[in-house]
Number of protein chains: 2
Amino acid sequence: MAKRESYHHGDLRAALVEAALELIAERGIDALSVAEAARRTGVSPGAPYRHFPTRLALLKAAATRAAELLAADLRAALEKTANPTEALAATAGAYVRFVVRHRAGFDLVFAAQLRPLADPALGEAGRAVMDVLLPIALELTGDAQSALDLLQQHIAAAHGFAVLHLSGFISRYSPGVDDVAEGAANASRALAAAARGD
Amino acid sequence: MAKRESYHHGDLRAALVEAALELIAERGIDALSVAEAARRTGVSPGAPYRHFPTRLALLKAAATRAAELLAADLRAALEKTANPTEALAATAGAYVRFVVRHRAGFDLVFAAQLRPLADPALGEAGRAVMDVLLPIALELTGDAQSALDLLQQHIAAAHGFAVLHLSGFISRYSPGVDDVAEGAANASRALAAAARGD
DNA sequence: GTCTATATGCTGATAGAC
DNA sequence: GTCTATCAGCATATAGAC
């Protein structure tokens, strides 16, 4: 359902969200600026306010889009994984790559600042991401509480690898993204093994 | 060795670093502003430039101080730990508490932005932190490479727990810092067990 | 209804004169 | 150290063109 191609853009809203994601990828969440997103989209500084009443609204839209992209990446990583442990490890690697590419992950999608529960689209997108991971953890642990615990550990480890790589700590030991992704995958294998009660 | 108590402060430099750490704790690393640090210290906006040529220099000094405080917290956590696994777990919990309190940890101390290797004081302070953790990992694994791998996993997991708690993700499942610290400690126990080759 | 042009009012990083 | 600029970047508001 494309818009009527009225002005310079058929869909300025979507273009702004894309620009916002690019900006976040380059300079981080805090550096997102409505003015800069407008500049990159080739519109005037006031134009975004037809679509987003405030900077926070644009950030929420970007977070929602990020969650959709993340869920897709995680689902893709799950194809051709043989067992639950390897499935979990695959999502760890995919998550690291996602965060390194977009400079954002669960921290953006679930940022308290965005009140994700108050925004239906964002809340739903976040839930969709969790829905990809929860069945894997459940399969590994059997009961719901242990599954949540494992998932927390798994996500925390992957997120830590990603952000510490970005800030430069991990990269002084393993320079490439591939190494970092593999490191996170190994951590998740270890956590899965422990959760299975080995 | 106090300065000569010339103007309003005996030691403006130290006061500014403290103010910088407070600001970071309240609003995050990106929000550190020289002007605000000056305001809190009760001096004019230009005063800090007598001690720090640039905002980045103040940030480096704050990172150095943070590393010293972190090393002290980790050492304190190690007292009365019975075995290497519990020692590792204890540092995970202490690290989470530190990051939650200061809104900064390894990401600040080793931030590539700060070129920690080019700053002797910061580089040394960062090394001191690692020197607290390395022996524990070595005791667990026996060889250096596995120790580094374990340490990476351990730090990444603890850091992930802390920052995801801060952004609001973890806190929707476990509200208190204590729970989060314990979650990180458990993750490190699992990682240690796997590294020991269970 | 969607945008452009432009302005307001703020905050910050520095610079220079005292 | 102080004070007083300078200059930039941003969020957001408004007026009017299409």
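In what follows, chains carry the letters A, B, and so on, assigned in the order in which the sequence lines appear, proteins first and then strands, with residues in each chain numbered from 1.
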Between the side chains of A:Gln145 and A:Asp149, is a donor N or O closer than 3.5 angstrom to an acceptor N or O?
yes

Checking A:Arg39 against A:Ser33: is there a side-chain donor and acceptor pair closer than 3.5 Å?
no

Ring centre gap for A:Phe161 and A:Tyr95 strictly below 6.0 Å
no

Applying side chain to side chain donor-acceptor pair (under 3.5 Å), can you list everything that pairs with B:Ser146, at least two apart in sequence or on another chain?
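Listed in chain order: B:Asp143.
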
Nearest-Å distance for atom pair [atom1]/[atom2], residues [X] and [N]:
X       : N      : atom1 : atom2 : result
A:Leu59 : D:dA11 : CG    : P     : 11 Å
B:Arg27 : C:dT11 : CZ    : P     : 11 Å
A:Leu12 : C:dC3  : CG    : P     : 5 Å
B:Arg40 : C:dG12 : CZ    : P     : 11 Å
B:Leu23 : C:dT11 : CG    : P     : 14 Å

Looking at A:His51, I'd like to know whether one of its side-chain N or O atoms comes within less than 4.0 Å of OP1 or OP2 on C:dC3.
yes

For C:dG12 and B:Arg39 - does any side-chain N or O of the residue sit under 4.0 Å from the phosphate oxygens OP1/OP2?
yes

May I have all residue pairs that pass salt bridge (Lys or Arg N to Asp or Glu O under 4.0 Å) and include part of residues 64-85 of chain A, sequence neighbours excluded?
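For residues 64-85 of chain A: A:Glu18-A:Arg65, A:Arg65-A:Glu68.
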
Measure the acute angle between the ring planes of A:Tyr173 and A:Phe169, then classify it against the limits of 30° and 60° as parallel, tilted or perpendicular.
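Correct class here is perpendicular.
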
Walk along nucleotides 13-18 of chain C from 5' to 3' and tag each nucleotide B, S or - by protein heavy-atom contact under 4.0 Å, base first, then sugar-phosphate.
SB----

